[in-house]
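Report on the following structure.
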Amino acid sequence: MNGSQHILAAFHRHNISTVFGYPGGCIMPPLYDALVDDVGVEHVLCRHEQACALAADGYARASGQLGVCIATSGPPGATNLITGVANAYMDSIPPLLVITGQVPPSGLIGTDAFQETDILGMTLAIVKHSYLVDDPPEDLPGILEEAIDLAQAGRPPGPVWIDIPKDILLSDIEAPAPPDCTEAPPADCPEIGPALAMLRSARRPPLLYSGGGVSLAGAEDRFRTFAEVSGGLPGVVTLKGIGNAGRNNPNDLACSACTVPGRPTRRLTSATSCS
Amino acid sequence: MHGSRAANKAVDECDLLFVIGARLDDRATGKLDGFAPNARMIHIDADAAEINKLRPADLSLRGDLNAILAALTDAIAAEPLAIDAWQKQCRTWHTTGGFRAADNEEPLAPITGPPAFIRQLSGITGDDTVIACDVGQHQMWVAQYYQFAHPRHHLTSGGLGTMGFGLPAAIGAQFSDRTRTVINVTGDGSFMMNAQELATIRRYNLPLKLIILDNQCLGMVRQQQELFYNNRESQIDLDDNPDFVAMARAFDIPALHIERTDQIRRGIETILAYNGPMLLHVAISREENVWPIVKAGASNKEMIDEPPRKTNSRKEQVA
């Protein structure tokens with residue numbers, strides 16, 4: 001299998017059935033050629049790479065699944081993805097995988113070649129992690145597994161960018177496909193006794209204040225049950241918490257913060273080990 | 001910045017704030033020293049970096065929200081909190097101090113009240129509907145007036161406020177489930193940023209619904225210039241927009257235009273019932289503002305309410 005076929009194999013292994021992309025010089029001969037014969041992946045051709053990234057974001061937000069966007073090198077290709085990827089990064093919620101083509105390293109990288117750009121350098125501030133696949137090509141399958149896992153695991157999920165030179169996408173890679181190393185972290189729960197005591201001892205009643213973390217954890221049902229069972233605790237939500245209480249909930253005081261929040265502090269995240 | 005007075009009052013008056021999965025961003029809290037000044041705080045989050053970052057927690061619980069909430073529910077079920085009076089108080093605040101309660105109901109009046117439009121939209125759509133907004137006043141009205149059954153049904157660009165987000169995000173959401181109703185609510189400014197994606201909708205025959213609230217300007221910026229910059233308008237005028245209905249039809253997507261209050265319900269029902277993509281162009285008044293509003297950098301206590309609205313009711317004029 002060549003590098004492109006390894007990418008499609010990784011998509012199949014991880015049940016990635018929809019990707020949003022736009023072809024171009026560095027990505028077209030390898031990956032888009034491989035797509036012709038592939039039946040498992042639906043490639044959605046948007047009309048602008050920015051829309052590819054934003055569509056992958058919307059897909060991920062609505063479904064909770066990994067959003068995938070693909071573009072060629074550049075400007076114009078990869079750089080047109082930047083706004084969409086930054087948008088996903090700032091909101092933390094959508095897990096995103098970004099795959100871009102890159103000019104071949106031998107003889108071309110660093111020469112201001114056609115549609116060449118240091119996209120990894122440009123995007124350091126807006127990704128959870130990024131990779132430039134270098135020699136040997138056999139690294140690619142392992143990087144794919146790690147990247148797919150990293151985009152979704154740890155807290156919070158976020159964009160992971162893989163920049164792949166054209167010659168690696170075309171290289172025959174004999175390495176066996178690595179096993180699926182996605183594993184759910186154990187659900188950890190600290191001691192809740194003191195919190196319960198504080199709830200009961202409040203002189204005036206408590207107020208729930210919830211945000212995007214509830215849907216990030218998939219904890220909407222637990223949240224609503226807790227609010228109801230506790231005696232019907234009233235609550236307010238932030239912009240990203242809208243919907244936490246459901247429709248027409250009489251105890252929902254609605255949004256207390258309908259505005260765009262600022263940039264989250266960069267933080268360390270832990271990835272599940274593949275070894 | 002545009003939260004409800006009722007919600008902010010409750011935050012101000014409570015003595016225990018139970019924060020769950022929220023990072024207390026300064027745009028949400030306003031100036032921190034004015035945020036929940038009387039309250040102790042319990043902070044539950046999966047990310048240790050968010051706890052004690054902006055406001056020290058009196059007690060924190062770091063871990064998986066599902067596990068923590070399940071444990072708390074089990075523990076509290078035996079003896080729920082006695083909070084009937086507080087509940088009543090909060091509901092009263094919500095009724096009297098929530099977002100705008102009524103709008104101009106004159107049938108032939110122009111659609112001057114986008115909240116009325118959004119409220120009607122919310123009343124007509126099903127629980128499974130996904131709304132993808134763009135950025136601007138329409139985004140705030142959706143956040144204030146649309147009732148969402150689930151947080152994943154509300155696609156909004158929060159952190160970056162990216163105009164042009166809505167249409168492609170709606171496309172992505174539709175691909176995740178072709179059977180559900182997905183609506184892009186957008187403004188005339190935002191729509192133009194990624195309008196080329198009308199071709200993608202047509203290409204894949206997505207049954208997407210688009211609603212453009214068209215006030216012929218960059219409304220949110222206009223409002224800020226009106227309220228905080230002595231009404232000095234600068235580069236916000238979009239009165240040379242293209243004919244959006246003709247534009248949609250050029251992409252072989254049917255489209256409707258409405259501009260009167262009595263057309264709202266029929267317009268919404270028509271696009272929702274149509275088997276395929278459809279655009280609804282809604283002409284709204286340029287002067288509409290989002291209320292209430294807190295100026296950037298101010299405390300939530302410095303919230304500015306909507307000034308009394310002039311009525312142009314015929315009945316009152318006759319009297």
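What you see is a predicted model; the values in this text were computed from it and never measured. Letters A, B, ... are given to chains in the order of the sequence lines, protein chains preceding strands, and every chain is numbered from 1.
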Restricting to side chain to side chain contact (heavy atoms under 4.5 Å, CB included), what partner residues turn up for S17(A), sequence neighbours left out? Y59(A)
Pick one of side chain, backbone, both or neither for [X], based on which atoms fall under 4.5 Å of a heavy atom in chain B.
{"X": "A86(A)", "result": "both"}
{"X": "Q65(A)", "result": "neither"}
{"X": "E191(A)", "result": "backbone"}
{"X": "A227(A)", "result": "neither"}

Testing the basics here: between [X] and [Y], what is the closest heavy-atom pair and its distance to 0.1 Å?
{"X": "G246(A)", "Y": "Q147(B)", "value": "O-OE1, 4.1 Å"}
{"X": "L196(A)", "Y": "A75(B)", "value": "CD2-CB, 3.3 Å"}
{"X": "L61(B)", "Y": "A195(A)", "value": "CD1-CB, 3.8 Å"}
{"X": "L160(B)", "Y": "T83(A)", "value": "CD2-O, 4.0 Å"}
{"X": "S122(B)", "Y": "R247(A)", "value": "O-NH2, 3.2 Å"}
{"X": "G63(B)", "Y": "P190(A)", "value": "CA-CD, 4.5 Å"}

Without swapping roles, check the side chain of [X] against the backbone of [Y] for a donor-acceptor pair under 3.5 Å.
{"X": "Y204(B)", "Y": "L45(A)", "answer": "yes"}
{"X": "N66(B)", "Y": "A217(A)", "answer": "yes"}
{"X": "E197(B)", "Y": "R47(A)", "answer": "yes"}

Is any side-chain heavy atom of [X] closer than 4.5 Å to a side-chain heavy atom of [Y]?
{"X": "M198(A)", "Y": "L16(B)", "value": "yes"}
{"X": "I76(B)", "Y": "R200(A)", "value": "yes"}
{"X": "F165(B)", "Y": "D57(A)", "value": "yes"}
{"X": "I42(B)", "Y": "P206(A)", "value": "no"}
{"X": "Y209(A)", "Y": "L24(B)", "value": "yes"}

If you round to the nearest 0.5 Å, how far is [atom2] of [Y] from [atom1] of [X]?
{"X": "T200(B)", "Y": "F20(A)", "atom1": "OG1", "atom2": "CZ", "value": "10.0 Å"}
{"X": "L199(A)", "Y": "F18(B)", "atom1": "CG", "atom2": "CZ", "value": "5.0 Å"}
{"X": "K240(A)", "Y": "H154(B)", "atom1": "NZ", "atom2": "NE2", "value": "7.0 Å"}
{"X": "L253(A)", "Y": "K9(B)", "atom1": "CG", "atom2": "NZ", "value": "12.0 Å"}
{"X": "Q50(A)", "Y": "M193(B)", "atom1": "CD", "atom2": "CE", "value": "8.5 Å"}

Residues 168-175 of chain B side chain polar contacts: donor-acceptor under 3.5 Å, at least two apart:
from	atom 1	to	atom 2	distance (Å)
Q174(B)	NE2	D177(B)	O	3.2
Q174(B)	NE2	R180(B)	O	3.1

Per-residue contact mode, [X] against chain A (heavy atom under 4.5 angstrom):
{"X": "D58(B)", "result": "both"}
{"X": "Q89(B)", "result": "neither"}
{"X": "D74(B)", "result": "neither"}

Who wins among [options] for the most heavy-atom pairs under 4.5 Å with chain B?
{"options": "P234(A), G243(A), G213(A), G232(A)", "value": "G243(A)"}
{"options": "N248(A), T225(A), L208(A), N244(A)", "value": "N248(A)"}
{"options": "V214(A), L233(A), T18(A), I192(A)", "value": "I192(A)"}

If you tally heavy-atom pairs under 4.5 Å against chain A, which of [options] wins?
{"options": "N38(B), T125(B), L167(B)", "value": "T125(B)"}
{"options": "A46(B), C14(B), S60(B)", "value": "A46(B)"}
{"options": "V290(B), N194(B), T156(B), L198(B)", "value": "T156(B)"}

E42(A) CD: over 12 foreign heavy atoms closer than 6.0 Å: yes
Carefully, step by step, assess L65(B) and F223(A) under the rule side-chain contact (heavy atoms from CB on, under 4.5 Å). CA-CA 9 Å; L65(B) 254 57; F223(A) 173 78; over 6 Å; no
